[in-house]
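On a predicted model such as this, the values are computed, not experimentally measured, just so you know.
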Number of protein chains: 2
Amino acid sequence: MSTAEETVGGEPQPWGEVTPDAARRLLVAAVEAFAERGYHATTTRDIAGRAGMSPAALYIHYKTKEELLHRISRIGHEKALDVLRTAADSEGTPAERLAEAVRSFVRWHAGQHTVARVVQYELDALGPDARAEIVELRRRNDAAVRGIIEDGVAAGDFDVPDVRGTTLAVLSLCIDVARWFNVNGPRTPDEVGALYADLVLRMVGAKG
Amino acid sequence: MSTAEETVGGEPQPWGEVTPDAARRLLVAAVEAFAERGYHATTTRDIAGRAGMSPAALYIHYKTKEELLHRISRIGHEKALDVLRTAADSEGTPAERLAEAVRSFVRWHAGQHTVARVVQYELDALGPDARAEIVELRRRNDAAVRGIIEDGVAAGDFDVPDVRGTTLAVLSLCIDVARWFNVNGPRTPDEVGALYADLVLRMVGAKG
DNA sequence: GGCCTCTCTAAGCAACCGCTCACCTTCGGA
DNA sequence: TCCGAAGGTGAGCGGTTGCTTAGAGAGGCC
């Protein structure tokens, strides 16, 4: 449960790198608002209001509303990629690494589901350049998962007829957690992670 | 491949029940626009323009922009539910029925991915009453899939420790197809359906 | 004190939004 | 031939949007 991130009062503080304080408050407010209502339905006045500031204050720290979304998307994707890579590069059999990757990736999408929702579903609101940058980060996510599955197939531990298709399905399954996960629902992020790790091992036909 | 829907020039025409003609053209235009840009980013002028009409014409056939979304959501969900129920209620072993359900449900979400995208991702833009109606339709989707899995477990054909969780995962997997599916991508809806049916049978530990 | 920089606000601009209204055209039925 | 209903349009209203501008405080440095 210990990560390198700062914590304040037990709550994870995933935006520690954003300074100054007012800029971070605006970013956190934007994440909440975008996740609740969507990017286009959120007004700059709403974001500034949640951060306890006047509408104009937003433009001291960010050039446009889109820059806020871009910053959120980039940081969010980097965090998710970091979580995935840590599991992918760890020691252990392919099955252990795949299970840990799914467990932590799902845990992130469930626990940080507001960020994840923005990151995954508001991509089209970005301009072409910003979108291209984010798409490249996603390609690396894909490569990390595919790498584990290929290792498992090569070692004879997995039975996977279609590696690319299965990789796509595994990632899709994990990412969609952000859409349906509900904090007041019956499952904790840990429980969903454990369930999904088991399901994914079945999907790749892991021995044992 | 044969459904009860009308076809015009080989293209499926899933809005045959919407009359008069102008109202249908507006609805089809709205589906395209909502799928491309999202509900909030779409203007009534854009919808009317795509249908080849003036902005005011929209309000002859629909009271508000939200009514368009509501109509699309209801019809879309009913079609998807219909596809799922047909497979669920068919003859055959639980494994055959589950495979057919996943195959046709995925085929629908891939082939009709513009409609599916609107239906699945713009739910929050609806008012409370309309949303409640749609949520009820989704509950029935869930029940249909859970029913097949429970049959398989009861017959000893499936090995599923967590029926509710696995049902959720199966539906989530199928639904997310609408997010990533690309008509110009390497896979046809049929191919994705076949791949996913195989993966889901592995998830429930189907014998054979 | 005098001055500069940083942060923030009140007020508001131009553009655009969902939607309405007065009016026009088409057309089937008596 | 007249009529009324149905379907359509151009212009535009009130309100909201993203963003800008002029200027006010606060604090550090000489």
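Separating the CE atom of A/M53 from the C1' atom of C/dC8 is a distance of 7 Å, rounded to the nearest angstrom. What separates CZ of A/R24 from C1' of C/dT7 is a distance of 16 Å, to the nearest Å. B/L68 places its CG atom 11 Å from the P atom of C/dG18, with the value rounded to the nearest Å. Nucleotide D/dG7 holds its P atom 13 Å from the CZ atom of B/R25, rounded to whole Å. As a whole-Å value, the separation of A/K63 NZ from D/dT21 P is 14 Å. With rounding to whole Å, B/E67 atom CD is found 14 Å from C/dG18 atom C1'. One atom, CG of A/L58, and another, P of C/dC8, lie 11 Å apart when rounded to the nearest Å. As rounded to whole Å, 12 Å separates atom P of D/dG7 from atom OH of B/Y62.
Counting only distance, with no hydrogens or angles, the side chain of A/S172 and the backbone of A/L168 share no donor-acceptor pair below 3.5 Å. Counting only distance, with no hydrogens or angles, the side chain of B/R97 and the backbone of B/A88 share a donor-acceptor pair below 3.5 Å. Judged by distance alone, with hydrogens and angles left aside, the side-chain atoms of A/K65 form a donor-acceptor pair with the main-chain N or O of A/T42 at under 3.5 Å.
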Pairs of donor and acceptor atoms involving the side chains of residues 47-59 of chain A, under 3.5 Å and at least two apart or interchain, shall be tabulated with distances.
residue	atom	partner	partner atom	Å
A/R50	NE	A/D46	OD1	3.4
A/R50	NH1	A/E32	OE1	3.4
A/R50	NH2	A/E36	OE1	3.1

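Listed candidates were D/dG18, D/dT9, C/dG18. Nearest to the side chain of A/K65 is D/dG18. Comparing atom distances between the A/R45 side chain and each of D/dG8, D/dT17, C/dT9 picks out D/dT17 as nearest. Distances from the side chain of A/A57 to the nucleotides C/dC19, C/dT9, D/dT9 place C/dT9 closest. Closest approach to the A/A56 side chain among C/dT7, C/dC19, C/dA11 is made by C/dA11 (side chain taken as heavy atoms from C-beta onward). Candidate nucleotides D/dG18, D/dG7, C/dC19 were compared by shortest atom distance to the side chain of A/T44, and D/dG18 ranks first.
At D/dA6, none of the side-chain N or O atoms of B/H61 fall inside 4.0 Å of OP1 or OP2 (strictly under the cut-off).
The salt bridge (charged side-chain N to carboxylate O under 4.0 Å, His left out) check on A/D198 picks up A/R202, with sequence neighbours excluded.
If you check every strand for non-hydrogen atoms under 4.0 Å, A/S54 touches a base.
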